[in-house]
Amino acid sequence: MFIQKNKYLKDNQVTDYSVYKKRRHFIKTMAGLGLIASTGGIIQPRSAHAVGRFSTNEKPTSFDDISSYCNYYEFGTAKSDPKRNAHSLVTSPWSVVVEGECERAGRYNLEDLLKPVSIEERNYRFRCVEGWSMVIPWMGFPLATLIKRMQPTSKAKYVYFETLLDSEHMPGQRTKVLDWPYTEGLRMDEAMNPLTLLATGIYGKDLLNQNGAPLRLVVPWKYGFKSIKSIAKIRFMAEQPVNSWQKANMTEYGFYSNVNPKVNHPRWSQRKERRIGEFRKRKTLLFNGYSEQVASLYKGMDLKKNF
Ligand code: MTE
């Protein structure tokens with residue numbers, strides 16, 4: 001069994017995925033029968049306000065904003081496009097190919113990947129390179145859980161991710177706005193950091209398509225573009241992979257993309273951010289406020305060069 005309980009979370013903050021699914025099915029059925037009062041479509045988990053070691057207790061952004069103001073170029077380049085267009089994405093059945101430097105390469109059905117994991121709830125700050133930010137109550141499990149299960153070899157120094165390639169259902173892939181499929185990468189120690197999540201839901205609901213259903217990455221100390229959506233492939237690699245935004249513009253986007261108020265994007269400052277739903281700008285924090293957990297990963301590195 002691969003039930004991984006986070007040592008910093010109490011039992012009631014961790015839900016086995018199958019239990020979570022059964023509970024959702026029960027709630028849906030009861031709601032369908034009119035036996036549960038409507039929660040505005042949002043099924044709140046038992047511990048929606050649980051604050052684990054990794055959660056911020058800042059006010060979460062509204063579900064409406066999180067699901068309406070999106071970046072998902074496979075469905076258009078405007079923030080409002082994904083909500084309007086992402087319904088065409090087919091997320092069930094879903095499988096993830098695991099390949100490269102690991103012992104357990106293969107194609108895994110999503111259900112099989114999720115069955116042995118425990119879903120946790122974590123409120124993370126999410127900071128976009130364009131200067132806006134949100135606080136998102138994610139549901140998910142540490143990427144480290146999946147990595148350990150796949151038994152990477154000693155040659156595996158990086159993890160590479162790919163979004164589904166399906167131009168029939170992803171209209172943006174019929175344009176040349178990016179080099180498809182969308183790709184991302186993390187260094188192995190970044191991928192193994194307990195903050196790094198594979199997310200399956202938001203606000204106690206399964207992810208909506210526009211937010212990257214059925215499985216997306218969340219790396220809270222990096223700019224939002226590292227959080228690749230609708231993951232269909234994971235590859236363990238010896239060499240550093242190249243991500244989609246680097247391919248699009250090497251001088252503007254780097255591999256690390258850590259939130260850093262002192263390193264500007266070539267065309268704009270990264271010192272301040274506007275929290276969606278607020279008017280006044282806030283000062284951006286180094287590593288998006290997660291220095292305590294991640295600064296040691298970059299000891300001795302020049303973060304201006306390794307941007
Ligand atoms: N993943 C894919 N496959 N395609 C994309 O265009 N956009 C990225 C990232 N993941 C993107 C993606 C960017 S630029 C951001 S800021 C976040 O997703 C936005 O996530 P959200 O829309 O759920 O807020």
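Every number for a ligand or one of its atoms is a count from 1 in the order of the listing. This is a predicted model, so every value here is computed, not measured.
Between Glu74 and ligand 1, a contact under 3.5 Å exists for at least one N or O pair. On a distance-only criterion, Lys229 and ligand 1 share at least one N/O pair closer than 3.5 Å.
With a heavy-atom cut-off of 4.0 Å, Tyr223 does not touch ligand 1 at all.
Under 4.0 Å is where a charged nitrogen must lie from a carboxylate oxygen, and between Glu130 and Arg267 no such pair does.
Under 3.5 Å, the side chains of Trp245 and Tyr182 contain a donor-acceptor pair of N or O atoms. No side-chain N or O of Arg235 forms a donor-acceptor pair with one of Tyr158 less than 3.5 Å apart.
Regarding atom 7 (N) of ligand 1, its nearest protein heavy-atom neighbour is Asn71 O, 3.3 Å. With respect to atom 23 (O) of ligand 1, the closest heavy atom belonging to the protein is Arg216 NH1, 2.6 Å. The closest protein non-hydrogen atom to atom 24 (O) of ligand 1 is Phe126 CE2, 3.7 Å. Looking only at heavy atoms of the protein, atom 13 (C) of ligand 1 is closest to Phe225 CA, 3.5 Å. Ranking protein heavy atoms by distance to atom 8 (C) of ligand 1, first place goes to Tyr182 OH, 3.3 Å. Summary of contacts: the protein heavy atom closest to atom 9 (C) of ligand 1 is Ser227 O, 3.3 Å.
In this structure, Val96 and Ile231 approach most closely via the heavy-atom pair CG2-O, 3.6 Å.
Ligand 1 lies nowhere less than 4.0 angstrom from a heavy atom belonging to Met134.
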